[in-house]
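Worksheet: the structure to be examined is printed underneath.
Being a predicted model, the structure only gives us computed values, none of them experimental. Each chain gets a letter, A, B and so on, in the order its sequence line appears, and its residues count up from 1.
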There are 4 protein chains.
Amino acid sequence: MSPTLSTVILGASGYTGAELLRFLHHHPHISIHALTGDSQAGQPFGDVFPHMQHLGLPDLVHLEDVDMTGVDLVFCCLPHGTTQDIIAALPAHVRVVDLSADFRLFDTNTYATWYGHPHKAPALQVSAVYGLSELYRESIKDARLIANPGCYPTSSLMPLTPLLSAGILSPDAIIIDSKSGVTGAGRSAKRNLIYCEISEGMSAYGVGNHRHMPEIEQELSRAAQKDVRINFTPHLIPMRRGMLTTIYARLHEGFTLSDARQQLQQRYQHEPFVHVLPEGQAPSTHHVRGSNHCHINLFAGRNDGDIILVSAIDNLVKGASGQAIQNMNIMFGFPEHTAIDMVAMFP
Amino acid sequence: MSPTLSTVILGASGYTGAELLRFLHHHPHISIHALTGDSQAGQPFGDVFPHMQHLGLPDLVHLEDVDMTGVDLVFCCLPHGTTQDIIAALPAHVRVVDLSADFRLFDTNTYATWYGHPHKAPALQVSAVYGLSELYRESIKDARLIANPGCYPTSSLMPLTPLLSAGILSPDAIIIDSKSGVTGAGRSAKRNLIYCEISEGMSAYGVGNHRHMPEIEQELSRAAQKDVRINFTPHLIPMRRGMLTTIYARLHEGFTLSDARQQLQQRYQHEPFVHVLPEGQAPSTHHVRGSNHCHINLFAGRNDGDIILVSAIDNLVKGASGQAIQNMNIMFGFPEHTAIDMVAMFP
Amino acid sequence: MSPTLSTVILGASGYTGAELLRFLHHHPHISIHALTGDSQAGQPFGDVFPHMQHLGLPDLVHLEDVDMTGVDLVFCCLPHGTTQDIIAALPAHVRVVDLSADFRLFDTNTYATWYGHPHKAPALQVSAVYGLSELYRESIKDARLIANPGCYPTSSLMPLTPLLSAGILSPDAIIIDSKSGVTGAGRSAKRNLIYCEISEGMSAYGVGNHRHMPEIEQELSRAAQKDVRINFTPHLIPMRRGMLTTIYARLHEGFTLSDARQQLQQRYQHEPFVHVLPEGQAPSTHHVRGSNHCHINLFAGRNDGDIILVSAIDNLVKGASGQAIQNMNIMFGFPEHTAIDMVAMFP
Amino acid sequence: MSPTLSTVILGASGYTGAELLRFLHHHPHISIHALTGDSQAGQPFGDVFPHMQHLGLPDLVHLEDVDMTGVDLVFCCLPHGTTQDIIAALPAHVRVVDLSADFRLFDTNTYATWYGHPHKAPALQVSAVYGLSELYRESIKDARLIANPGCYPTSSLMPLTPLLSAGILSPDAIIIDSKSGVTGAGRSAKRNLIYCEISEGMSAYGVGNHRHMPEIEQELSRAAQKDVRINFTPHLIPMRRGMLTTIYARLHEGFTLSDARQQLQQRYQHEPFVHVLPEGQAPSTHHVRGSNHCHINLFAGRNDGDIILVSAIDNLVKGASGQAIQNMNIMFGFPEHTAIDMVAMFP
């Protein structure tokens with residue numbers, strides 16, 4: 001019989017916070033000690049998310065009003081740039097899964113370049129573990145601080161890292177064209193996010209300079225054991241959830257598409273959440289919506305050696321809150337799929 | 001320790017079949033014995049619904065190839081009009097939850113009028129129990145055949161029946177204006193259902209003569225203990241799931257909106273799936289999406305005694321497959337919320 | 001050869017302003033003298049609406065920087081409550097089509113009740129003409145100030161007023177259930193309007209107390225020549241444009257559905273923008289999208305004498321900017337369909 | 001004063017047929033002689049497209065019932081593969097704009113390879129002119145048969161051909177990642193196109209082998225004056241209209257992004273429908289919806305010499321019917337923008 005973990009969610013009034021609670025409702029060993037939301041502190045949680053009003057969750061409070069005594073784990077769902085200070089101030093006994101980008105770049109110079117200010121907690125950064133569950137499971141077990149991966153990196157790394165590690169794929173000409181649902185932009189009121197500006201149309205954004213690029217490059221470089229630079233373009237698609245990533249790359253001489261397929265199949269055959277689809281079947285965000293699953297497939301490109309990889313995840317789940325719970329399960333020794341083994345919601 | 005129920009889903013290649021499986025995946029006491037789908041018999045289930053390919057479900061088969069020995073329960077997800085014969089032919093030991101409209105009208109003359117042909121299993125009809133879980137829980141326990149309610153009736157009856165039974169509402173001027181998601185129209189390939197004909201536009205349909213009208217009237221008449229005739233207009237909304245029903249009615253003299261609110265609150269205070277919202281908060285299909293919950297609220301109309309009731313459900317869940325499992329739980333003595341206590345998926 | 005009108009649009013950075021310009025681009029006798037937009041003054045118009053960057057429109061300016069000398073017509077697209085003062089300050093030679101609600105209620109007491117503050121330009125109110133083009137064409141011709149109707153009133157009045165004027169319909173039991181696209185809520189950044197909160201779900205709002213109710217009642221009362229009170233519920237639908245209104249009413253004794261149909265057909269047979277559909281065909285917002293057309297149909301209700309009317313318009317066009325241009329055409333003697341005879345954009 | 005052209009639309013019951021009529025309604029020199037639609041012959045056109053019921057269009061007829069005497073132009077909107085025979089049988093005096101793919105590949109061997117059967121009208125093929133209006137304007141003027149370009153090719157060729165012709169771009173590493181609205185799949189009833197299978201999700205399709213690939217390669221090869229092979233992946237996006245194409249390529253040594261920008265600006269500065277956006281502004285399908293415009297921009301890639309091009313069109317307009325009318329205008333000497341100078345419909 002596992003004991004019950006006492007958890008706190010910082011920034012619970014956003015979408016990743018709500019998504020954590022949707023799953024944690026099914027976790028037999030979790031209790032919610034506090035939910036913070038500075039601008040809405042004092043409000044019943046059901047006012048902020050009416051679909052959870054029957055759950056008896058605590059009201060939103062200010063971070064400084066949370067008593068961290070006895071708290072085992074904090075999920076940090078705060079905006080990028082605000083998190084380093086806050087996590088640095090948490091008591092040492094509290095373990096942390098941070099869903100922001102603040103601890104994902106191990107080189108603090110790279111961080112400073114892309115975020116425009118120096119890293120505020122470089123000492124903590126050293127001990128942070130990048131939380132791509134399938135890749136870093138062993139280090140996650142004992143980590144105090146997990147830097148939960150971004151959605152673009154998750155969808156890119158799942159198909160790419162095994163092929164780079166195995167030396168099957170050339171790291172030199174990787175192009176990543178990603179398409180994201182709108183929840184990736186968060187819950188704040190911005191004119192460019194209102195329904196009438198998004199529905200039934202699409203565009204690229206951050207072309208050539210999106211902040212997830214160095215995160216992807218860091219991990220591809222680790223897998224390839226050399227510096228990797230990629231072209232990466234994110235697009236905003238009129239759908240709330242889902243991320244489809246199309247990757248153009250080249251096989252190293254002597255390797256075939258079939259080698260690549262075998263490598264991915266073998267790598268993921270025992271993983272509960274990663275699935276290499278049958279040959280020819282295109283991954284679709286429809287089939288992972290609301291679930292922690294990742295669908296992958298490989299296709300021949302136009303010229304010999306060209307390969308096209310496609311992956312589909314739910315950006316809010318495997319790309320954020322689902323993977324955060326997966327990491328928590330790993331950290332505390334629960335079966336890894338606990339509370340996140342939902343089937344995708346289709347249609 | 002409950003034993004494991006052996007279940008069969010007839011017509012598993014449609015949306016209600018898939019939705020049953022999404023929930024049953026979380027039921028600790030259910031095994032799937034067979035899935036039928038005549039036009040796609042022989043196909044792996046994952047070809048029909050790729051989001052379930054990792055579940056190890058049985059291939060689709062023809063109904064006549066299913067061995068019913070040892071089967072405890074059949075969910076029948078077949079089209080209206082085809083079901084009476086098929087259920088009549090099932091062995092007597094099999095209990096049935098029928099999601100079609102075939103056994104919902106107790107008066108076989110009414111059935112013949114609205115469906116254009118005589119009822120094919122009038123003897124069975126006599127024993128069928130109308131499966132609105134909250135209303136007929138006691139009869140459901142022992143029923144062999146449950147006529148699972150339609151989505152329009154479910155969304156209309158939840159707010160109306162307690163007020164009619166209590167004599168608070170006049171049964172004489174009830175107008176029901178319902179708005180449904182597109183899954184209500186099923187999964188068949190029809191030109192009027194393709195994306196480009198539905199997205200970002202809406203219309204009414206079946207104005208004045210939708211087949212759910214007599215079903216609603218039957219149940220309102222039972223509640224009011226007199227013949228009730230309603231005006232009912234269904235509308236098709238560009239959303240996959242969800243049903244919002246707006247009801248215009250009049251209070252009996254001497255009763256107030258507050259009386260009606262109290263009556264509904266009292267009636268549903270111990271129900272896990274029905275929630276009367278705080279005063280002034282409009283029910284939204286967003287907040288019940290993917291869940292078995294029903295949200296209800298009451299508002300004052302323009303003139304004294306006018307009342308406006310609004311309810312929200314997910315048409316595929318509380319309006320179909322979720323309620324079917326709720327009924328199964330009641331029939332077999334499982335806790336009523338087993339496998340269907342998911343939080344709504346918002347956003 | 002008509003002379004060219006010099007026009008100004010106040011509040012051109014919102015959706016109704018853009019929609020005016022979409023049509024005016026095709027008007028042979030209009031020039032755009034100035035576009036105002038206080039919070040974005042100084043910006044090129046193409047920054048605010050990139051789809052118009054090739055049109056050579058003037059930059060946005062502050063209202064006080066517009067020289068009104070030589071200006072023939074002002075379209076006023078400002079928020080409700082701000083418009084009375086501004087229009088009162090315009091020079092007398094300028095004619096005005098006001099798209100706000102500020103001059104629609106002729107009884108300034110009713111205005112004060114619903115808007116919570118006294119009317120600021122009661123003298124101007126007296127001379128304002130309610131701009132439902134088909135109904136008040138004669139008065140519009142000579143008006144200086146047109147109060148352009150709201151979208152809910154337009155969609156309700158088109159089917160109802162001819163039947164009330166003719167004494168065919170009872171004014172005593174009218175229920176109006178309206179469904180609106182999201183552009184009706186404007187272009188401002190509000191959390192409840194962001195894509196993820198709107199897409200694929202719906203709710204009612206302002207139940208029992210929406211500010212368009214007195215406007216509808218005012219005009220129904222004029223048509224019926226007695227005080228009319230209605231029940232009216234607006235709903236927000238996941239579509240950018242479109243409004244579908246379903247009306248439940250009762251025929252006066254001695255009249256039939258067929259009488260009502262004949263009355264509407266006769267009334268609208270020479271109107272270029274109002275169409276009574278063939279019997280049985282349900283109006284759809286798809287078929288009026290982007291156009292100034294209004295589709296209407298009538299259906300039998302459940303009981304003798306019950307009638308269900310359905311209308312469809314594009315809330316931004318016939319419900320706002322299209323009708324504004326129609327009124328301008330009437331005011332200045334252009335053919336009424338000039339620049340607004342676009343076919344609906346389907347799909 | 002231009003004379004009136006007598007035109008026929010073959011296959012008028014599909015989306016491209018309707019779109020032609022939406023524009024032709026505004027053309028002062030066009031009359032519609034006949035509309036064909038084999039499966040719906042005999043029906044009033046307003047039954048097939050209710051938004052056009054007020055236009056007085058002719059009923060749908062069988063192709064063989066059309067008298068081609070006096071007909072000047074036929075628009076052919078028939079399915080791929082059926083068109084070669086039909087056009088070959090048209091009388092010689094009739095000029096043709098063919099919106100299918102049947103005459104787009106000049107090498108009939110390439111056609112046979114990709115379409116799986118020999119070309120049925122190779123003699124006609126020789127005289128066909130590829131109808132990318134901006135590129136082949138001169139040949140279009142005198143052509144009898146225009147092969148109107150596909151939507152994917154149009155969106156790809158607009159940004160690429162000027163840069164390849166000028167020798168600025170390397171033709172060796174071009175990757176085209178395209179995202180299309182659902183109207184591209186036509187109006188037929190297919191299960192994979194119904195609303196519930198498309199809305200709020202997306203996938204790639206035809207990865208590595210879509211039939212528009214050889215069409216794009218043919219035109220890129222003409223521009224580069226050498227054989228070009230590309231990687232091309234189409235994706236289906238939950239929007240009715242719109243196509244966004246993201247292109248990854250490399251500049252030839254010695255050229256910069258700024259050279260490329262200048263080249264495109266210069267090339268398109270006098271074109272009414274092609275616009276190079278201000279630096280940094282991402283093209284969006286929202287801003288071309290319903291219009292014949294094409295928006296283009298260029299961005300620096302990650303490494304020196306990498307370039308990312310993005311284009312946006314409406315697949316039904318510049319990618320089909322709008323360009324067809326543009327070609328007609330060129331063929332018959334009308335001003336090129338006649339009837340297709342609509343502003344995009346935003347929102």
Note, B:Leu316 side chain near A:Pro347 side chain (heavy atom, < 4.5 Å)
yes
Pairs table: donor-acceptor atoms between chain B and chain A closer than 3.5 Å:
| from | atom 1 | to | atom 2 | distance (Å) |
| --- | --- | --- | --- | --- |
| B:His25 | NE2 | A:Asp341 | O | 3.0 |
| B:His54 | NE2 | A:His293 | NE2 | 3.1 |
| B:Tyr195 | OH | A:Glu200 | OE2 | 2.5 |
| B:Ser199 | OG | A:Glu200 | OE2 | 2.6 |
| B:Glu200 | OE2 | A:Tyr195 | OH | 2.5 |
| B:Glu200 | OE2 | A:Ser199 | OG | 2.6 |
| B:Arg241 | NE | A:Pro347 | O | 2.6 |
| B:Arg241 | NH2 | A:Pro347 | O | 3.1 |
| B:His293 | NE2 | A:His54 | NE2 | 3.1 |
| B:Asp341 | O | A:His25 | NE2 | 3.0 |
| B:Pro347 | O | A:Arg241 | NE | 2.7 |
| B:Pro347 | O | A:Arg241 | NH2 | 3.1 |

side-chain contact (heavy atoms from CB on, under 4.5 Å) partners for A:Pro58, two or more places apart:
A:Ile32, A:Leu35
Applying a strict 4.5 Å limit to non-hydrogen atoms, the region of A:Phe23 in contact with chain B is neither
Go through B:Leu21 and A:Val343 one step at a time and tell me if the side chain to side chain contact (heavy atoms under 4.5 Å, CB included) criterion holds.
CA-CA 9 Å; B:Leu21 289 164; A:Val343 177; over 6 Å; no
Give the member of A:Gly181, A:Pro50, A:Ala18 that has the highest number of heavy-atom pairs under 4.5 Å with chain B.
A:Pro50
